[in-house]
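Residue numbers begin at 1 in each chain, while the letters A, B, ... track the order of the sequences.
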Number of protein chains: 4
Amino acid sequence: MQDAALQLFAAKGFFATGIREIADRVGVTTAALYHYMGSKDELLIEIMASSMTQLIRTAEESVATADEPAAQLATLVRAHVGYHALDPLRSMVTDDELRALSGQPRARIMKLRDSYEQLWAQTLDHGLASGVFHVADAKITRLALLEMCNGVDRWYSAAGRMGPGEVADLFADLALAMVDARKDGQPIRLSNLGCTSAEQVLKIARRALQEIGYSD
Amino acid sequence: MQDAALQLFAAKGFFATGIREIADRVGVTTAALYHYMGSKDELLIEIMASSMTQLIRTAEESVATADEPAAQLATLVRAHVGYHALDPLRSMVTDDELRALSGQPRARIMKLRDSYEQLWAQTLDHGLASGVFHVADAKITRLALLEMCNGVDRWYSAAGRMGPGEVADLFADLALAMVDARKDGQPIRLSNLGCTSAEQVLKIARRALQEIGYSD
Amino acid sequence: MQDAALQLFAAKGFFATGIREIADRVGVTTAALYHYMGSKDELLIEIMASSMTQLIRTAEESVATADEPAAQLATLVRAHVGYHALDPLRSMVTDDELRALSGQPRARIMKLRDSYEQLWAQTLDHGLASGVFHVADAKITRLALLEMCNGVDRWYSAAGRMGPGEVADLFADLALAMVDARKDGQPIRLSNLGCTSAEQVLKIARRALQEIGYSD
Amino acid sequence: MQDAALQLFAAKGFFATGIREIADRVGVTTAALYHYMGSKDELLIEIMASSMTQLIRTAEESVATADEPAAQLATLVRAHVGYHALDPLRSMVTDDELRALSGQPRARIMKLRDSYEQLWAQTLDHGLASGVFHVADAKITRLALLEMCNGVDRWYSAAGRMGPGEVADLFADLALAMVDARKDGQPIRLSNLGCTSAEQVLKIARRALQEIGYSD
DNA sequence: TATGAATGAGAGTTCATTCAT
DNA sequence: GATGAATGAACTCTCATTCAT
């Protein structure tokens with residue numbers, strides 16, 4: 001049910017999706033749907049809240065494996081991109097349907113989103129404070145990074161040329177370039193970062209997603 | 001009417017906006033609305049098509065003022081970011097509501113979008129072919145650049161700390177870093193690019209927007 | 001529309017009446033109904049509030065034509081019974097469907113009802129204070145009187161043997177007996193009360209009802 | 001289960017009460033409910049039929065203890081009022097929800113109600129024939145008496161100032177006044193009626209109610 | 001006994017749109 | 001040009017009820 005809703009919400013948007021369509025896809029009547037869910041709204045709320053919660057968990061667990069700013073940023077990017085590439089539909093819905101909510105549920109999701117963005121802010125601040133990153137404007141750079149990474153769910157396809165890990169690595173390098181990460185005057189890139197592979201982060205992301213219904 | 005629709009579509013989304021709301025905001029009856037417009041769908045189509053058309057025009061006119069790859073990319077970014085920052089609502093609707101359309105109208109907008117992205121592809125290819133840009137993967141880099149720049153309309157506010165020109169310049173530098181633009185081993189940035197200021201591009205964008213209802 | 005609703009609410013009750021039935025009886029679609037009404041609830045609220053308001057007006061205007069306790073009580077009973085007999089459906093709905101409401105609308109109707117019952121309390125108190133009425137318990141007597149008179153709308157039929165005026169007179173005499181109205185030891189009845197006929201009160205009630213849709 | 005239904009039907013009405021609410025209050029699932037009851041309709045029918053049956057029994061047994069018209073009327077009123085005051089919820093449902101039924105069940109309850117009203121008609125006729133009662137219109141007086149007494153369940157509360165017996169006595173006196181009961185020119189009231197106390201009738205009513213689930 | 005799952009029907013309401021005036 | 005009235009279709013959601021387990 002959550003799966004069917006996810007696919008439809010992602011394809012057509014929350015408002016354009018009728019519960020009859022969800023029921024049809026599940027193969028039951030609309031009345032049966034209401035045995036398992038509270039309301040169409042709650043269905044969306046649960047998808048978004050669980051997705052944000054697991055994204056935060058993924059990011060926190062991943063970043064904890066790195067101990068210096070450049071590696072932390074690379075890991076954060078890998079976690080974000082990996083999470084979005086592994087389950088692009090879930091991430092699209094979570095990113096795009098916030099305006100379908102209002103009141104308390106909206107506030108709840110926004111709070112989760114804010115706390116996630118704090119992770120990015122901290123990581124960037126850390127790198128700037130230690131002189132590793134060099135940016136013209138911290139806030140603008142953070143927004144640019146986040147939107148660039150968020151965009152992944154809009155175009156990534158598992159059927160494509162690249163796996164989540166490859167894309168994650170490419171994005172990590174782009175991010176390092178954007179913050180002009182340097183050590184002893186030399187640009188820091190994944191290749192000279194002595195940091196673990198993307199696979200480790202993907203494993204964390206995959207496990208987090210499995211707890212909320214993701215499979216394969 | 002287009003203005004009212006634009007604001008509501010941007011704030012609540014196409015499906016969540018009723019034509020009664022649009023009529024209320026304009027101060028007429030819904031029946032009167034149908035004297036000026038064809039249908040709710042057409043209202044959206046016109047907004048999106050005109051926006052895309054003028055974005056393409058802005059980009060083409062702007063890029064024509066630059067004669068080498070790095071300057072062309074910087075100009076393209078400035079045009080895109082400037083256009084999105086000058087009229088974020090229009091850009092948001094154009095970016096986000098494609099799925100509200102189907103059939104021929106959808107194809108029409110997608111074609112415009114594709115032809116716009118071709119401009120980016122050409123610019124990147126040009127820079128790569130001439131050895132100025134150095135990227136691991138041309139397509140991924142293009143997507144990252146586009147999503148980063150598209151994101152501007154999601155957070156930019158005219159009431160904020162920065163004007164469209166400043167943001168455009170910051171993004172142009174980020175883009176040059178992402179493609180690792182170099183000449184004689186030295187990184188190319190706006191500061192050493194001997195290219196005109198963002199204002200010239202903004203003027204082009206502003207004029208293009210004015211033709212489709214933008215003011216001030 | 002109010003008429004159709006009134007008949008159905010009276011016959012089947014508010015909850016058992018579907019708006020599709022109302023629409024059918026009016027001869028339009030349900031959507032058309034919503035041009036004229038706010039909601040099914042509001043339809044009921046308006047019926048009840050207007051009915052109570054006009055009942056209060058009828059009672060107040062009528063009582064003002066009498067100047068001593070026995071005549072005032074007789075007039076109050078005539079007004080109440082006349083009002084209920086003239087439009088039994090409206091009165092039934094107003095009496096019986098209060099529990100279909102909740103919140104503010106419910107409070108609003110209850111307030112009107114309370115202020116109406118105050119008229120009865122005052123009239124009784126007046127008669128008791130001046131030694132004309134003799135009852136064992138003022139409150140119980142008031143409740144007995146009110147329920148007796150309220151009951152009229154449950155059995156009265158315009159097709160029956162008696163007109164509203166005749167019933168009103170019979171009830172007025174019953175009421176005088178219930179409060180044991182006496183003057184100089186002699187029972188007071190309509191016949192020795194030198195008070196105007198029921199027709200005058202009916203005229204007031206009819207005019208009040210006409211303002212809220214009653215005809216004939 | 002009957003108890004839970006009774007309380008809910010009385011508080012919200014038959015149609016406004018869902019069987020899920022009944023099940024919740026009983027503490028079982030709705031499916032379990034259907035092991036004990038036939039349908040929601042039958043639940044109501046049983047409540048109403050048993051209530052009417054026991055009311056008739058109470059009235060018949062009570063009246064049989066009196067041997068002359070005035071005492072019989074007083075006893076009938078006491079029985080009716082006592083029954084309604086002892087179990088107001090049951091009486092409210094029985095009085096108010098007839099329109100929720102149709103077809104055969106409806107006819108069944110109406111027959112019981114008619115036969116109950118026959119008791120009143122007989123008692124009144126008896127008193128009129130023997131010259132003890134003096135009324136302007138027998139039918140109207142009967143209806144007035146019945147509605148006055150029926151009203152008790154709408155306002156009576158066990159938590160109030162008076163017990164069922166006291167209210168029953170007050171109503172008996174009101175009824176005697178309404179029919180202008182006289183003997184040798186002197187008004188007949190409870191005080192000069194040499195008839196047993198209300199307690200005896202209440203005992204009968206209580207026993208009758210206990211057979212259909214009433215307690216305390 | 002008792003339940004979780006499921007259903008068909010129907011509830012009230014809103015939608016974009018049309019059209020006679 | 002502009003409106004008030006009206007519509008058919010669809011909406012989310014709840015209802016009393018059934019039945020395999």
Side-chain angles (χ1 to χ4, degrees), chain A residues 1 5 12 14-24 26-44 100, chain B residues 1 5 8 12 14-24 26-44 100, chain C residues 1 5 8 12-24 26-44 100, chain D residues 1 5 8 12 14-24 26-44 100:
Chain A
M1 184 183 63
K12 320 178 57 177
F14 178 74
F15 286 118
T17 301
I19 59 161
R20 273 173 182 81
E21 288 173 88
I22 301 176
D24 280 357
V26 177
V28 297
T29 62
T30 59
L33 233 50
Y34 281 89
H35 245 280
Y36 303 102
M37 78 183 192
S39 69
K40 193 189 170 194
D41 275 25
E42 276 184 40
L43 204 48
L44 177 60
Chain B
M1 184 183 63
L8 288 164
K12 319 178 55 179
F14 178 75
F15 285 116
T17 300
I19 60 159
R20 270 170 183 81
E21 287 173 271
I22 300 176
D24 279 359
V26 176
V28 299
T29 63
T30 58
L33 230 51
Y34 279 86
H35 274 277
Y36 302 107
M37 78 181 193
S39 69
K40 194 188 169 194
D41 274 25
E42 279 185 39
L43 206 47
L44 177 61
Chain C
M1 185 184 61
L8 288 163
K12 321 178 56 179
F14 178 75
F15 285 118
T17 301
I19 60 160
R20 278 172 179 83
E21 287 175 87
I22 301 176
D24 280 358
V26 177
V28 298
T29 63
T30 60
L33 234 49
Y34 281 86
H35 246 279
Y36 302 103
M37 78 182 194
S39 68
K40 193 190 170 195
D41 274 26
E42 277 186 38
L43 204 49
L44 177 60
Chain D
M1 183 184 62
L8 287 164
K12 321 177 55 178
F14 178 74
F15 284 116
T17 300
I19 60 159
R20 270 170 183 81
E21 287 173 272
I22 301 176
D24 279 358
V26 177
V28 300
T29 63
T30 58
L33 229 52
Y34 280 87
H35 274 279
Y36 302 108
M37 77 180 195
S39 70
K40 193 188 170 194
D41 274 26
E42 279 185 38
L43 205 49
L44 177 61

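Residue whose closest nucleotide on DNA chain F sits further toward the 5' end, between A/A16 and B/T29: B/T29. Each of C/T17 and D/A32 was matched to the nucleotide of DNA chain E holding its nearest heavy atom; the match closer to the 5' end belongs to D/A32. Residue order along DNA chain E, read from the 5' end via each residue's closest nucleotide, puts A/A31 first among A/A31 and C/M37. Mapping D/R20 and B/R20 onto DNA chain F by nearest heavy atom places B/R20 at the nucleotide closer to the 5' end.
Distance D/I19 CD1 to E/dT3 P: 13 Å, rounded to the nearest Å. For the pair B/K40 NZ and F/dA10 C1', the computed distance is 13 Å after rounding to whole Å. Between the OH atom of C/Y36 and the P atom of F/dG4 there is a distance of 11 Å, rounded to whole Å. Atom NE2 of B/H35 is separated from atom P of E/dT17 by 15 Å (rounded to the nearest Å). Per the geometry, CG belonging to A/L33 stands 19 Å off P belonging to E/dG4, to the nearest Å. As a whole-Å value, the separation of D/Y34 OH from F/dC15 C1' is 9 Å. Protein atom CG of C/D41 is 13 Å distant from nucleotide atom C1' of E/dA11, rounded to whole Å. In this structure, B/L43 places its CG atom 16 Å from P of E/dC15, rounding to the nearest Å.
Remark: side-chain polar atoms of C/K12 are not paired, donor with acceptor, to backbone N or O of C/G18 under 3.5 angstrom.
Considering every non-hydrogen atom in both B/K40 and B/T17, the closest pair reads NZ-O, 2.8 Å. When all heavy atoms of C/M1 and C/I22 are compared, the pair lying nearest together is O-CG2, 4.3 Å. The shortest heavy-atom contact between A/Y34 and A/S39 is CE2-CA, 4.1 Å. Contact between C/M37 and C/I19 at its shortest, heavy atoms only, is CE-CG2, 4.3 Å.
Nearest nucleotide to the side chain of D/V28, out of E/dT3, E/dG8, E/dA16: E/dT3.
Within the 4.0 angstrom heavy-atom criterion, only backbone atoms of the sugar-phosphate kind lie near D/S39; the bases stay farther away.
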Self-check item: Verdict with reasoning, B/L33 to B/L43, per side chain to side chain contact (heavy atoms under 4.5 Å, CB included)
Solution: CA-CA 11 Å; B/L33 230 51; B/L43 206 47; 5.9 Å; no

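At its two ends the helix from E/dA2-F/dT21 to E/dT21-F/dA2 runs along axes set 20° apart, each axis drawn from five pairs and the angle rounded to 10°.
Taking CZ of A/F14 as the start and CG of A/L44 as the end, the distance is 5.0 Å to the nearest 0.5 Å.
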